[in-house]
Amino acid sequence: MEKNSPQGRPPLLWHLRQAPEEACERIIQTTGCLPATAAVMAARGLTRMTALRKFLHPSVKNLPHPDSISDLSRASERIVQAVFNREPIMIFGDYDADGVTSTALVYGFLLRVTPEVRFHLPHREKEGYGLKSSHIPDFARSGIRLIITVDCGISSHDAVLEAGKNGMDVIITDHHRPGDHLPDASAIVNPQRPDCRSGLRELAGVGVAFYLVMAIRKKLREAGFWQEGFPEPPLLQETDLVAIGTVADLVPLTGINRILVHAGINAIRKNPRPGIQALCRVAGISCEDLDSEAIAFRLAPRINAAGRMAHPEIATRLLCASSVEEAMPMAMELDRLNGSRQDEENRILLPIENCLKENPALSRQPALILHSEDWSPGVIGIVASRLVRRHHRPAILIATRGENGQASGRSIPGIDLYKSLSHCRSLLEQFGGHTMAAGFRIQPKNILSFQKEFCSLMTSHKDIIGQPPAFIADALITLDDLCPELLDEIQALGPFGMENPAPLFVARHLEVMGNTAMGSDGKHRRLLLRQAACIRVRRVTAVVFGAGKNAFFPHHLDTILFRIRKGWGKDEAVQIQIEAWC
């Protein structure tokens, strides 16, 4: 459906999911839920009662068996051998939140069973992404016999060979797409392997790490380890790290990922580890009320800030802290680094936007591929994401400090960024990533050729490039439908994230009774709305984040698309957050 918007705003494009009436009635009869909730579930295909019950009650009992993942048994056997032989073990991670939580998870578990375990996370600018041959000599000098990669390693062919020459075995655990050939490692645990039949391709790196830990614990149990004075540790609490890494890495929050994140959020709410307690305090949120949105917008950015602005080790140490007192200084430092990250992000973004305004031809390119010596490699990925949201086309930014440019790119639905980069591999030094996000290194002399080749690949996608995606609404409701019960039922459909977004509702024909600025900079708005046909609910407060200081709201709104949230005031149980209007 398309509606014209006032004052030159682009047309509001939205579609309403189809919810079969008979399915809605069946859901209401089975669950006793409200009609609006039934409409959401039916519209999302949750019409089979068995699947619906599993969705409403996600349980770790429904996790697929670890043995389904290729090489997982081999990997756990080698690690248990290292534990019994007291071999020095190195956990090698990545500098983002997925890598940090993966490292903290595996390191923390192995530290319970052997003192011979250490971890290393690379410095983004000095070392770059992934295990490299240059890391091996230092590991050899410190006596390392086994390297376990987490959230990386699938492209570390040379490093694995170098490790073998130095008497070290390498176990790779990763979730990024492999290339045409796999490294010659002792074991490769990656559900993205073509020969892996586990069906767990959507796991984040920390999800793969969690399965590794489950397998190690099982092997130790079978070897009688836990009867030797070591209590077998429960792993349910460790899902707190899985939840943070999974949400932060923007993998689909469906199926197994939803189960793991649901369990992890409950673990944080009931018994948060000291590092998460400290991080929640500096982020101004309550552990008891934490949800996937708080992880995505409050915790994950602070964890990521360590690798973007300094060194990721501080974030790992925070998550492994044994007390809140130990964790608080590190949490405060992450909060400071996150503020610096925001400043640096704006410093890069504003000149780019000005350049695009002054050069309309550049802004019309099928992909925004830009480079500068003045950009921080740790921030360009976030800036690329913001450019994609504003311009609806792939964006790739290249920081050309040193001999090689370090690039980070983001894509739009319908364009596989990893696949597109694979077609340009002859111009790249190294690349890796996912469908929607990827990174690579490139020599500055090859940037112009890369721009031409990549943009030529985009010509087959011209029908979607530059087109803002239509909003997909779940149900048409009135303000009379808003109540605390609806809020509780909608929250039960979470945790929300990629491929399981918070339900989006539509309401029609509303009057704006009040309009005030919010926030210190006045960029947000608070509206007071009424709907003439409603009897029970006379007025509702609506918030519009990022509307802008000069946002125009007419007295009459034909259509609003919104999500519901808990109200802030004592007398206001439910509040709505407007995403779009006309």
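This chain uses plain numbering: 1 for the first residue, then up along the sequence.
- Under the 4.5 Å side-chain criterion, counting only non-hydrogen atoms from C-beta, L110 is not in contact with E116.
- Between D335 and R302 there is a salt bridge, since a side-chain N of the basic residue sits under 4.0 Å from a carboxylate O of the acidic one.
- A donor-acceptor pair under 3.5 Å links the side-chain atoms of R217 to the main chain of P233, judged by distance alone.
- Between H176 and Y129, the angle of the ring planes goes over 60°, which puts this pair in the perpendicular group of the 30/60° scheme.
- H123 places a side-chain N or O within donor-acceptor distance of the main-chain N or O of E125, the cut-off being under 3.5 Å.
- The pair K357-E353 does not meet the salt-bridge criterion, since no charged nitrogen lies less than 4.0 angstrom from a carboxylate oxygen.
- Ion pairing between a basic and an acidic side chain is recognised when a charged N comes within 4.0 Å of a carboxylate O; R193 and D71 show such pairing.
- For the residue pair R74 and S76, no side-chain donor N or O sits within less than 3.5 Å of a side-chain acceptor on the partner.
- Taking 4.5 Å as the limit, every side-chain heavy atom of K219 sits out of range of all side-chain heavy atoms of R78.
- A side-chain donor-acceptor contact under 3.5 Å links H135 to the backbone of K132.
- Under the 4.5 Å side-chain criterion, counting only non-hydrogen atoms from C-beta, S323 is in contact with E326.
- A donor-acceptor pair is defined here as one N or O able to donate and one able to accept, closer than 3.5 Å; such a pair exists between the side chain of R298 and the backbone of A283.
- With respect to R145 and D169, no salt bridge is recorded, no charged nitrogen being found less than 4.0 Å from a carboxylate O.
- Side chains of Q192 and R201: a donor-acceptor N/O pair is present below 3.5 angstrom, by distance only.
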